[in-house]
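Positions are given from 1 along the sequence.
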Amino acid sequence: MKNKLKLFFVLLLTVVMVAQPFAAVEAATATPTTTVTKKTLYVGGDNYKIQFKNLAANATIKCVSSDKKVATVTATTGVIKPVAKGKATITVTITQSKKTYTSKIAVTVMNPYVKITTAATTMNVGDTQTLAGKTYGLKQTKIAWSVSDKSVASLNTKTRVLTALKAGTVKVTFKDTVSKKSHSVTITVKAAPTPTPTPVPVSSTEDLPEHELFGYDVVDGKAVITEVYDSAVTSVTIPNKIGKYTVAAIDDGAFEALYDLKTVKMPSTITRIGDSAFGSCESLTSITIPSGVTEIGDNAFEYCTSLTKLTLPEKLKEMGTNMFEGCEKLASITIPAGVEELPDSTFIGCTALKTVTFAEGLKLIDDNAFEGCTSLTSLTFPKSLDTINGYAFLDCESLAKVTFASGLETIEDGAFENCVSLTSITLPGTLTYLGSSFSGCTKLSSVTIPKSVEDIGSGAFDDCSASLKLKVKKNSYAYEYAVDEEIPYTTY
């Protein structure tokens, strides 16, 4: 037994000794490189020391910055120091084992800023939510939270719990009192929703009349279409009555994923279309919605990829989120006067949408409402509009002209981000808050900002045209912003 153990340890030692040279060879031949290829730093913020992988003990390093006015770097130790807002490339040359290797780090230097990172922009009376905010590039901070109207919503500044008290709008502000930088979000509080009516039980002695194509429920004495029996149907005409029951609504998902459905005729008796009612009806090319419809649910027509034409009724008041998401052939739309709030992601990914007409009455365009509408060329907003929320027109790359009306008060972060065809913007005299709204608008060279603006996001014009010039009122907040951010300006 002792001889066997001795033999085992001899073999083990031999394997270790043989393996070590191979490990050394592998380490020596592995390509040395930096651990990151991109890095964001902040003016006045911390430096960054470049870290390496597969670096030999005898390796030599040389680091060079493409723009020392933006970021400097120590030649041999690789410490990057942010200097001013902009972009620079750090080129790292590593020599080891008689070979030379090159790595590049794309450095973006931004001005420090603060941001509310978690906040639902719509609440019902009685709802609560916990707010969250973050500072970027600030070393010493002292954070304060506040609300503009304590009668609409109360805020516990210690727990950051916001409680909706009554219908209205309230602005929540997150501020660093040391740097004076702040970010605000406008929240709409709605009255508590009316409970959805439950189906009225039908007497067991009364049999509901059958329909050859549709399933339905009876709610408040009226028929609600719940399903279509034939999944391969190409054309349907919904009756105005089934038996003695007037057809008043189309239920959630009733026509969803009927891939062959091309045409639909609805009776004038219908007043509501439910969530995902026609979702993923890929062959549906056009549809006329009855004039009496007042409510259309979430995702109602999402991914109707053949839909080219649709007219929304004048009596419509409620539109659902993601209602037309992915309707890639829808070319034009008119938002009726009764719609006060255009929900989030309503037209996201509608790449053929070229014309949008807003009627007076619209007050809010919510998050990502028109994101990725790459054919949209111009917009004229109504006087009733007071808020454009975050990323509402993100990546609308053909959008070249925007006309703002007096009445608009808030434009949130990213609202027009990456709208690369915009060249000139005149903001209305009623605007009070402008978030980081126009970053990535690479052709934007002229922006007129009124004296009414009380707060501007630090990244509002990041990556805009190199010839960007702001037009501001002397001694206004926008004037101070232009000076602080070192953006060229003229005064009026």
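Under a 3.5 Å cut-off, the side chain of S439 and the backbone N or O of F461 do not form any donor-acceptor pair. Using a distance-only test at 3.5 Å, with no hydrogens or angles considered, no donor-acceptor pair links the side chain of E360 to the main chain of P382. In terms of modelled atom types and a separation under 3.5 Å, the side chain of S398 and the main chain of T374 share a donor-acceptor contact. Under a 3.5 Å cut-off, the side chain of D176 and the backbone N or O of S179 do form a donor-acceptor pair. Judged by distance alone, with hydrogens and angles left aside, the side-chain atoms of D484 form no donor-acceptor pair with the main-chain N or O of Y481 at under 3.5 Å. Formation of a donor-acceptor pair under 3.5 Å by the S446 side chain with backbone atoms of S424 is not found in this model. Using a distance-only test at 3.5 Å, with no hydrogens or angles considered, a donor-acceptor pair links the side chain of N156 to the main chain of T159. When atom types are taken as modelled, the side chain of S268 and the backbone of P290 share no donor-acceptor pair closer than 3.5 angstrom. Under the 3.5 Å distance criterion, the side-chain polar atoms of S421 are matched with a main-chain donor or acceptor of E397. Of the possible polar contacts, one joining the S306 side chain to the E282 backbone as a donor-acceptor pair under 3.5 Å is found.
Among residue pairs with one or both ends in residues 214-235, those qualifying as ring pair (Phe, Tyr, Trp, His ring centres under 6.0 Å) are H211-F214; sequence neighbours excluded. Judged as a side chain to side chain donor-acceptor pair (under 3.5 Å), the pairs with a partner in residues 320-337 (not counting sequence neighbours) are, in order, D298-T321, Y303-E325, N322-E325.
Using modelled atom types, one finds a donor on one side chain and an acceptor on the other under 3.5 Å when comparing S235 with T263. Side chains of D344 and N368: no donor on one and acceptor on the other come within 3.5 Å. Residues K241 and T246 have side chains that never bring a donor and an acceptor to within less than 3.5 angstrom of each other. Using a 3.5 Å distance cut-off with no hydrogens or angles, the side chains of D275 and N299 do not pair a donor with an acceptor.
Among residues two or more places apart in sequence or in another chain, the side-chain contact (heavy atoms from CB on, under 4.5 Å) test is passed with A232 by D230, D260. Applying the salt bridge (charged side-chain N to carboxylate O under 4.0 Å, His left out) criterion to E256, with sequence neighbours excluded, gives no partner residue. The salt bridge (charged side-chain N to carboxylate O under 4.0 Å, His left out) search around K175 returns none, not counting sequence neighbours. Listed by chain and number, the residues in a side chain to side chain donor-acceptor pair (under 3.5 Å) with T269 amount to none (sequence neighbours excluded). Scanning for side chain to side chain donor-acceptor pair (under 3.5 Å) contacts around Y479 gives K474, with sequence neighbours left out. Applying the side-chain contact (heavy atoms from CB on, under 4.5 Å) criterion to K401, with sequence neighbours excluded, gives S378, T403. Every residue two or more places apart in sequence or in another chain that forms a side-chain contact (heavy atoms from CB on, under 4.5 Å) with E340 is listed here: K363. Scanning for side-chain contact (heavy atoms from CB on, under 4.5 Å) contacts around T442 gives V420, with sequence neighbours left out.
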For residues 134-142, which side-chain donor-acceptor pairs fall under 3.5 Å, sequence neighbours excluded?
none

Which pairs would a plain distance check flag for residues 165-174, meaning a side-chain donor or acceptor within less than 3.5 Å of a matching protein atom at least two apart in sequence or in another chain?
| unit_1 | atom_1 | unit_2 | atom_2 | d |
| --- | --- | --- | --- | --- |
| K171 | NZ | T432 | OG1 | 3.3 |
| T173 | OG1 | S184 | OG | 2.8 |

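A distance of 9.0 Å separates CD1 in I250 from CD1 in I289, rounded to the nearest 0.5 Å. Summarising the geometry, atom CG belonging to L362 is positioned 9.0 Å from atom CG belonging to D386; distances are rounded to the nearest 0.5 Å. Summarising the geometry, atom CD1 belonging to I333 is positioned 10.5 Å from atom CZ belonging to F358; distances are rounded to the nearest 0.5 Å. The CG atom of L434 lies 9.5 Å from the CG atom of L408; values are rounded to the nearest 0.5 Å. A distance of 12.0 Å separates SG in C327 from CD1 in I348, rounded to the nearest 0.5 Å. Here the CZ atom belonging to R272 is positioned 6.0 Å from the CG atom belonging to D251, to the nearest 0.5 angstrom.
Looking at heavy atoms from C-beta onward, T305 lies out of side-chain contact with L307 at the 4.5 angstrom threshold. Side-chain atoms of L312 and I296, non-hydrogen and from C-beta on, do get closer than 4.5 Å to each other. The closest side-chain heavy-atom distance from L330 to T308 is not below 4.5 Å. You'll find the side chain of L431 stays beyond 4.5 Å of the side chain of F404, heavy atoms only.
Scanning both residues, F381 and A405, for their nearest heavy atoms gives O-CB, 3.4 Å. Between S384 and A359, the closest heavy-atom pair is OG-O, 4.3 Å.
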*Which is it for N389 and D366 under the side chain to side chain donor-acceptor pair (under 3.5 Å) test, yes or no, and what are the steps along the way?*
CA-CA 5 Å; N389 270 346; D366 216 339; 2.9 Å; yes

_Set out, in order, the CA-CA distance, both residues' side-chain angles and the distance that settles side chain to side chain contact (heavy atoms under 4.5 Å, CB included) for T108 and L41, then state yes or no._
CA-CA 6 Å; T108 301; L41 300 173; over 6 Å; no

*CA sep, side-chain torsions, deciding dist, call: N111, E485, side chain to side chain donor-acceptor pair (under 3.5 Å)*: CA-CA 8 Å; N111 288 313; E485 298 292 322; 2.3 Å; yes

_Candidate pair L399 and F370, rule side chain to side chain contact (heavy atoms under 4.5 Å, CB included), full reasoning_ = CA-CA 11 Å; L399 185 60; F370 292 90; over 6 Å; no

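Ion pairing between a basic and an acidic side chain is recognised when a charged N comes within 4.0 Å of a carboxylate O; K190 and E341 show such pairing.
Of the residues listed (D455, D413, T117), the one engaging H183 in a side chain to side chain donor-acceptor pair (under 3.5 Å) is D413, and it is the only one.
The cationic group of K181 does not satisfy the cation-pi geometry with Y113, failing either the under 6.0 Å distance to the six-membered ring centre or the 45° limit from the ring axis.
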